[in-house]
Each structure stands twice: as C-alpha cells, then as structure tokens.
Asks: 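Here it is, the structure, as structure tokens.
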Amino acid sequence: MEKVCDAQIKGVSTGTTILAATFDGGVVIGSDSRASIGGEYVSSKTINKVIQVHDRVFCCMSGSLADAQAVTKAAKFHLALHSVQMETPPLVIAAATILKDLCYRNKEELQAGFITAGWDQKRGAQVYVVSLGGMLVSQPVTIGGSGSTYIYGYVDAKYKPDMSREECLQFAINALALAMGRDNVSGGVANLAVITESGVEHVVVPGNKLPTFHDD
Amino acid sequence: GSNMEGTGPEWLSAEVKTGTTIIAIEFDGGVVLGSDSRVSAGDAVVNRVMNKLSPLHDRIFCALSGSAADAQTIAEMVNYQLDVHSVEIDADPKVRSAATLVRNISYRYKEELSAHLIVAGWDRHEGGQVYATLNGLLTRQPFAIGGSGSFYVYGFVDAEYRKGMNKEESQKFVLNTLSLAMSRDGSSGGVAYMVTIDEQGAEEKVILGNDLMTFFDQ
C-alpha cells in the first residue's frame, strides 16, 4: 500500500502528549519532549513544549511545531504589553484569550492547539484549552496531542479535583508515562511545571526514571 | 462527500460496524469477557443493545469488533467448525483450537475482511486463556482489548492491570474499563455485557448504564 507521509503535507509536527491539571492551590502542566517527522524520524529528543508566557502563566503546544512557536512568540509579546499597560500580572484567561484570538483569526493558515495553565490573583489556579479552530474552554484537567487518546480512560478514572500537590504531580507523571509508552510519536523526557501563588517549580523526569507498569 | 438528491439518509447505505470496545482478561481459574452494545451505521446507532460476546462452544466465547457482518460470519463459521471438531475428538475443544480456527479465517481472508475477534475461554488443559487474533496473528495474552474504544483505555489498563487478580477483581477491571471507553468513544455505548467462564460453565450478565462507573465530571 502506498504510504503518504503526513510531514509532506504538514511539515514537522509535535506528535505529542500534553496535559494540565489543577490541584488544591495550583496547577501542574506538562508534556513529553519528542518532535518527529511523519512518525518515522525523531527530529528532536529533547524539545521543550512547555513555554512560559509570563511569570505565572505557561502554555503547551500541539500540532505543527512551526505554527505553535510563531503563535506563542506573538502571544508573549501581546501579553507583556498588556501586563505593563494594566500595571498588574495578567490573568490566565487573558493569556488564553490572546492565543485563542490568534488561532481563530488565522484558522485557515494555522494548525496549532494550546493548553494554557497558570495562577492569578482573581481566580487562582486555572486551565484553558484552545483547540485547533480557536475554541476556548476552561476545564479542571485537560489532555492534548496524539498521545492523549491513550490516556483518556486513565485521566477520567484517576483525576480528582482538590488533590494535593504531590498527588497531582504523580498523576501527571503517570499519565505522561502511560501515553509515551503507547504513542510512538511521544517520548523522551517528561517536562513539567508546577505553578502556585508562591512561584513556579520545573520538574524534569528522564525516560529511565519514569514510572513503569505491568509489562515494562 | 457528494450525494445525489433522493438517495435517502446516509446511514441506509453506510457500512454497519460494531465500532466498539471489547476486552477479555484471564484470572486464576477462568476468564472474563466484556463488551459494549452499540452498532453504528455512519452517524446512526442501528442497534443499541447488541450482545457482541458470541459463544463458540460451551466454555469458549469470542468478542466481536469491526464490521458487524464480517465478525458475525467468522463467529458462526468457527462455531460450526468447533462443533465438528469436538465430535471428532470426542471431547471439549481447547481454547487454542478455537482461536486457531478464527485466526485461519482472519489470515486467509485478511484483504476482504475487516473484523477483529478476541477469543477467550476455559479448558481443562490450560485453564483460562485469552487470545488476540488481530490481522491474522495468534497470540496469547494475560488480557486483550480491542475495538475503536480501546485506544482511550490503553493507559488505564496499563496502569491498573496486575497479575494474579481473582474473579471479582477481574470483573471489576472489565466493567471499569468498559465504562471509561464507552464514555469517550462515540462508537461505543449502551449497556455492558459480561461473560465469566470457568470450570463450572459460562455465566452471562448485563450491566445497565446507571450501574456503571461514574467520573469526576459527572
């Protein structure tokens, strides 16, 4: 059968697994670190898909890597200007809305989706999803990327609102490890950020330190 | 796609698929099989209570997925072949024999057929066994999942499966997995059918929607 490479149509894509989840007092956002060309060649083993767009606001990209990078760069700029004008740290929903506007107005040219997570004074910890066409939705927990299909069941079963920080971090690492174990275009290390009122902590879990399961 | 006026609704001509979730797991002394009950033709649900767990012999069942017609036909053919075989050997057939018969049909006609059957049962030689026959291979596994809904629960079964579960734990594992897949896969839904097979025989059960697991957002 003839094989048509996705990459020939879309370019380098972050076949990926991304997620974000709120816990009592903060939010965890994380991703894998693999970039691949058409599912046949790993073009980067250690790409960072968790981008800091402001002090307490992060976003994760999925879809076309080039599109996602361009959009986050533009969003970072707008958010910085907005924050200076308002003389206050930006709301998480402001960051998500900026991404959404960019995705919606340019929906014909772009192929990028985002998860935005962060903490602000007004509403505390929040997670927003901007989908491919530019829909904006708020959820307590969300997953995205090609690897996410394999962990819908796990996330539905295991996520509880108001977990502790340690429980939520372990939940996120487990979910990423499970997805990376089944999706051939997700892999590498798990990059996570834990965002709370007091600050941001980066957590990196290398492949050999990820949790293992029954057949590993 | 393009459509001439007057050809009727799309589902009348769409292929009938058991886009589905099926699972089978071995425990010490037997097996548990489970399935959803939705049969779809395009966007329409044409049967919401179909039992996709089909008997091949007294203590051997199979779980159907993929094209409804193909899967049912394979199951019926193997049912007949097993009847003949068990008369010839004057004994109950092995689960491996049933799985081999399914695999032979799936492999020989792999270009024409698009169905995947999981075969599971109990025999006195090897006890409880689960066999996957996807694309014409034959492999014995501690548990197997299949159908369109199975993709959503790979992570869950990877995390939750433990060796040495007993009958009740295996039944719970099957029901929880089905609930999760049915709530996410548009082609899976309805009720859950479950069959538990051990030395005593095969016990069939139906579990209705409101008795299934619920999650944090429900």
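What you see below is based on every heavy atom in this structure, not just the backbone, and it leaves out hydrogens, waters and symmetry mates. Order of the sequence lines sets the chain letters (A, B, ...), proteins ahead of strands, with each chain counted from 1.
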Asks: First locate atom CZ of Arg182(A), then atom CZ of Phe151(B), and finally report the distance between them rounded to the nearest 0.5 Å.
Replies: 10.5 Å
Asks: Heavy-atom distances under 4.5 Å only: say whether Ala179(A) touches chain B with side chain, backbone, both or neither.
Replies: neither
Asks: Does atom CG of Asp28(B) have more than 12 heavy-atom neighbours from other groups under 6.0 Å away?
Replies: no
Asks: Please check if the number of heavy atoms outside Asp43(B) that lie under 6.0 Å from its CG is greater than 12.
Replies: no
Asks: Mark yes when over 12 heavy atoms from residues, nucleotides or ligands other than Gln121(A) sit less than 6.0 Å from its CD; otherwise mark no.
Replies: no
Asks: Please name the pair of heavy atoms, one in Ser183(B) and one in Asp156(A), separated by the smallest distance, quoted to 0.1 Å.
Replies: OG-OD2, 3.9 Å
Asks: What distance do Ile151(A) atom CD1 and Tyr154(B) atom OH have between them, rounded to the nearest 0.5 Å?
Replies: 15.0 Å
Asks: How long is the span from the CD atom in Glu160(B) to the CZ atom in Phe213(A), to the nearest 0.5 Å?
Replies: 9.5 Å
Asks: Check each atom of Ala159(B) against the heavy atoms of chain A and say whether the ones under 4.5 Å are side chain, backbone, both or neither.
Replies: both
Asks: Do the ring centers of Tyr152(B) and Tyr152(A) come within less than 6.0 Å of each other?
Replies: yes
Asks: Please say whether more than 12 non-hydrogen atoms of neighbouring residues, nucleotides or ligands are located less than 6.0 Å from OH in Tyr104(A).
Replies: no
